[in-house]
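Report on one structure; see the data block that follows.
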Amino acid sequence: MFYKSLGVIAVLASLASVPLSTQLGANSIIAFYLVLCAMLIASLASATSGKNFFFPSFILACINILVLNDGTKIQHVTSGSDWLYVLSMYGIFVVVSVLSFLFSKRESNPNISVTR
């Protein structure tokens with residue numbers, strides 16, 4: 001029951017970050033890190049509930065970061081804005097996504113070993 005409520009909270013946190021991500025300035029950065037934390041929490045919730053909460057959280061994170069977020073839109077990469085900022089944020093997103101995928105895969109099937 002604890003992990004199910006944790007998964008629901010993670011998905012709701014991803015949804016709550018959508019209005020923040022469309023605003024200028026620090027709110028879009030707060031929304032970026034909120035959605036990353038929600039993705040990690042959702043991968044923790046997949047320990048008992050499979051991937052029921054992780055994949056919606058991951059899809060919302062992708063939409064939020066690549067389409068809606070004012071600081072990290074795909075449009076900023078093509079418009080010639082600050083590439084260092086945008087690409088470093090994408091790097092953080094990729095690292096957290098890979099770790100979340102590995103964690104949710106390992107937790108949903110405890111027989112899988114990360115170190116082989």
Side-chain angles (χ1 to χ4, degrees):
M1 184 66 183
F2 173 72
Y3 287 112
K4 283 189 177 184
S5 60
L6 198 64
V8 170
I9 289 170
V11 173
L12 291 177
S14 294
L15 283 173
S17 69
V18 170
L20 282 175
S21 65
T22 58
Q23 297 176 359
L24 298 174
N27 286 335
S28 65
I29 297 169
I30 292 169
F32 177 81
Y33 288 114
L34 178 66
V35 82
L36 290 182
C37 289
M39 195 167 49
L40 285 172
I41 291 170
S43 67
L44 175 67
S46 70
T48 59
S49 63
K51 296 180 181 170
N52 296 337
F53 297 114
F54 175 68
F55 283 122
S57 178
F58 178 72
I59 296 298
L60 284 169
C62 287
I63 291 170
N64 191 347
I65 291 171
L66 299 175
V67 178
L68 297 175
N69 197 311
D70 183 60
T72 59
K73 289 181 190 176
I74 292 279
Q75 176 184 0
H76 288 303
V77 174
T78 59
S79 70
S81 66
D82 187 14
W83 279 41
L84 180 64
Y85 170 74
V86 174
L87 292 179
S88 66
M89 294 301 239
Y90 287 160
I92 293 170
F93 174 66
V94 167
V95 167
V96 170
S97 297
V98 167
L99 289 175
S100 296
F101 269 116
L102 288 175
F103 184 70
S104 66
K105 188 176 182 180
R106 183 170 179 243
E107 290 296 326
S108 64
N109 188 358
N111 295 329
I112 296 175
S113 175
V114 176
T115 57
R116 291 183 181 201

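In what follows, every heavy atom counts, from backbone to side chain, and hydrogens, waters and symmetry copies are set aside.
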Could you tell me which non-hydrogen atom of [X] sits nearest to which non-hydrogen atom of [Y], and how far apart they are?
{"X": "Ala31", "Y": "Ser17", "value": "CB-O, 3.5 Å"}
{"X": "Asn64", "Y": "Ser14", "value": "ND2-O, 4.4 Å"}
{"X": "Ala38", "Y": "Ala13", "value": "CB-CB, 4.0 Å"}

Hphob cluster co-occupancy, [X] + [Y], side-chain heavy atoms under 4.5 angstrom:
{"X": "Val95", "Y": "Leu36", "value": "no"}
{"X": "Ile41", "Y": "Ile9", "value": "no"}
{"X": "Leu20", "Y": "Leu68", "value": "no"}
{"X": "Phe58", "Y": "Tyr33", "value": "yes"}
{"X": "Val11", "Y": "Leu34", "value": "no"}

Supply the atom-to-atom distance [X] [atom1] to [Y] [atom2], rounded to the nearest 0.5 angstrom.
{"X": "Leu44", "Y": "Phe103", "atom1": "CG", "atom2": "CZ", "result": "5.0 Å"}
{"X": "Leu60", "Y": "Leu12", "atom1": "CG", "atom2": "CG", "result": "10.0 Å"}
{"X": "Leu84", "Y": "Met89", "atom1": "CG", "atom2": "CE", "result": "11.0 Å"}
{"X": "Met39", "Y": "Ile65", "atom1": "CE", "atom2": "CD1", "result": "6.0 Å"}
{"X": "Leu87", "Y": "Phe93", "atom1": "CG", "atom2": "CZ", "result": "14.0 Å"}
{"X": "Ser97", "Y": "Ile92", "atom1": "OG", "atom2": "CD1", "result": "11.5 Å"}

Under 3.5 Å, is there a donor-acceptor pair between the side chain of Ser100 and the main chain of Val96? yes
Would you say the side-chain atoms of Ser28 pair up with the backbone N or O of Leu24, donor to acceptor, closer than 3.5 Å? no
Hey, can you tell me if Phe101 and Phe55 have their rings parallel, tilted or perpendicular (30° and 60° cut-offs)? tilted
